[in-house]
Amino acid sequence: MALEIAVEHRRRDFVVTAQFTAPTPGITVLFGPSGAGKSTVLAAVAGLLRADHTRVDLNGERLDRLPAHKRRIGMVFQDGRLFPHMNVERNLVYGLRRAPGGQVLAGELADLLDLHQLMRRRISTLSGGERQRVAIGRALLSQPRLLLMDEPLAGLDGPRRREIMPYLQRLRDTLRMPLLYVTHATDEVYRLADQVVLMEAGQVIAAGPLPELAARVDLALAARDDAAGVLLGYVHRHEPERGLTSVACGGEVYLVPLCDVPASNSVRLRIPAREVILALDAPRHISVNNIVPAVVSAIRFDEKAHAALVEIDVGGGQLLSRITTDAAERLHLRPGVRVLGMIKSMSVELL
Amino acid sequence: MTLPTAEEREVILLTLRVAALAVGCGLPVALLFGWILAARFPGRFLLNALIHLPLALPPVVTGWLLLTLCGVEGPVGAWLWKNFQIRLAFTMQGAALACAVMVFPLMVRAIRLGIEAVDGRLLQAARTLGAGPFDRFLTITLPLAGPGILVAVTMGFTASLGEFGAVITFAANIPGQTQTLPLAIYSALQSPEGDAQAARLSLYSVVLALTGLLLAEQVGRRLRR
């Protein structure tokens, strides 16, 4: 069960060549600076752009051989594109009416996106966040086999983005189809992606599971100030008396501030590179809750910033640590060296 | 100024009926061609020029061409008569056809502009939701092109009220059948004591045209809201 995408498109001096495989179900985030060709890939997959070559293979079926309106590929655009002459409800059922029969979970979807209050409203009276929720609902109700989102949050301000993000995260856990999600915002990558496709200047630089790509010191995500390692795990148990929750990630248990996610639910931990301390010996009497054995797997020096970005293997995955070049030299860090990664509970973000 | 006489009322009523028939029958065709011309395709300029021909030709020539084609002897006219016993030349329906042909370029143009003003991104969204070309035209393009279509209808109607050359050539000037307001005015001017009559009829023309335009303005305002 997989989705295979290949797009080639040449317009004057701009060339897009993208080829990758996406998990299904699952969220594949196309990440890169604007002008990298991400939206071109999406438009070609949807059939809205006639690219020089397009191949969309979903479980052995070639969707690219169908006209756009028969592909059953849902799309959420940055600008919403709700129909101004219809109210919310008629927008929502537009795709549903044209979808082939099958299981329709309209009520469940309206719950998920909190749409009940909006049904009778006119499009012009909706806020930006409400518009995008309706646009997402409309796309999902058309019962797509594949869902595309082209920077769905880019037109929203900070508070509105934070308003929509929980809906998208809930969607991530209930989605039964592959989703290709284009963005240039890292918080969306860390929160939503199962798979990441890094694009630059029309080319795919790297593609793979988020935890792997986030920790690659040679790639764009790690080069940023907000670089972080991502660990996948599940809630092990809550310890209300200590105000902590333990999360199991590949044999290691991490203590994070007490949360309300039910036990055994899967979660992802985002651990910023600048918050990870490296040590050769275990210190005693220290406030840090999480001290995990690790092996250095790669180092990248940034001479200008006098900083070293260290990728460490913690067994359950990879983490990043940004330290000074001086510290890296004092500890004689190089690939293969055994270290201890120290992470404050307060520094761990539960996504 | 007195109210119109029975004869004058008949002329006014006939004029309105002819104009309504012309617009009613011409609109679907104009919508189709407006839609076609809003797309980009080879041969678009040729089609556009053909549609605009009645605007550039002397109306008498258009009327004569209609007579040649749709007269009882013409290929289309003979066929209609043979198969459906329909006669167009020198009838009220013929007057409406002449009006429809004359105002067709105006209507197509207004509709095309209305359709071109529809946001193409909405049509893309409709495509991803499973709507085919004709479906998109009916559910997105047409409703959003409403103002342009309204302009087409009012322009077509008001212009039909005043159509002269093509009507008199194709449908002749038969009182009670094809004698619309402009034709009646022309007849009045031909008779020695017709000046007062012509003035009265002209006044009705002005009133009709103004009423039509004001009505359109009102409906248009409501539509844009």
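All heavy atoms count here, side chains included; hydrogens, waters and symmetry mates do not. What you see is a predicted model; the values in this text were computed from it and never measured. Convention: sequence-line order gives letters A, B, ...; per-chain numbering from 1.
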Heavy-atom count around A/Q117 CD within 6.0 Å, excluding the residue itself: above 12? no
At a heavy-atom distance under 4.5 Å, which candidate from A/P67, A/A46, A/P84 has the highest pair count against chain B? A/P84
For atom CZ of A/R170, decide whether the heavy atoms of other residues, nucleotides or ligands shown that lie under 6.0 angstrom number more than 12. yes
Are the charged groups of A/R81 and B/D119 less than 4.0 angstrom apart, N to O? no
Rounded to the nearest 0.5 angstrom, the CZ-CG distance for B/R127 and A/L48 is 5.5 Å
Under 3.5 Å donor-acceptor, A/R98 side chain and B/A126 backbone: no
Can you confirm whether B/F134 is buried at CZ, in the sense that more than 12 heavy atoms of other residues, nucleotides or ligands lie under 6.0 Å from that atom? no
Inspect the surroundings of CZ in A/R71 and state if more than 12 heavy atoms from other residues, nucleotides or ligands are less than 6.0 Å away. yes
Minimal heavy-atom distance between A/H69 and B/G132, with the atoms involved, is CD2-CA, 3.5 Å
Heavy-atom proximity to chain A below 4.5 Å, by part of B/L144: side chain
With only heavy atoms counted, which part of A/R97 is less than 4.5 Å from chain B, the side chain, the backbone, both or neither? neither
Decide if atom CD of A/Q78 counts as having more than 12 heavy atoms of other residues, nucleotides or ligands within a radius under 6.0 Å. yes
Closest heavy-atom pair and its distance - B/L122, A/L82: CD2-O, 3.4 Å
Taking C-beta and beyond as the side chain, do B/I140 and A/M86 meet within less than 4.5 Å on heavy atoms? yes
A/I73, part contacting chain B, at a heavy-atom distance under 4.5 Å: backbone
By a 4.5 Å heavy-atom criterion (distance strictly below it), what part of A/L148 contacts chain B: side chain, backbone, both, or neither? neither
Crowding at CZ, A/R121 (>12 non-hydrogen neighbours, <6.0 Å): yes
When the 4.5 angstrom heavy-atom criterion is applied to A/A139 and chain B, the contacting part is backbone
May I ask you to test the A/Y94-B/T139 pair for a side-chain heavy-atom distance under 4.5 Å? yes
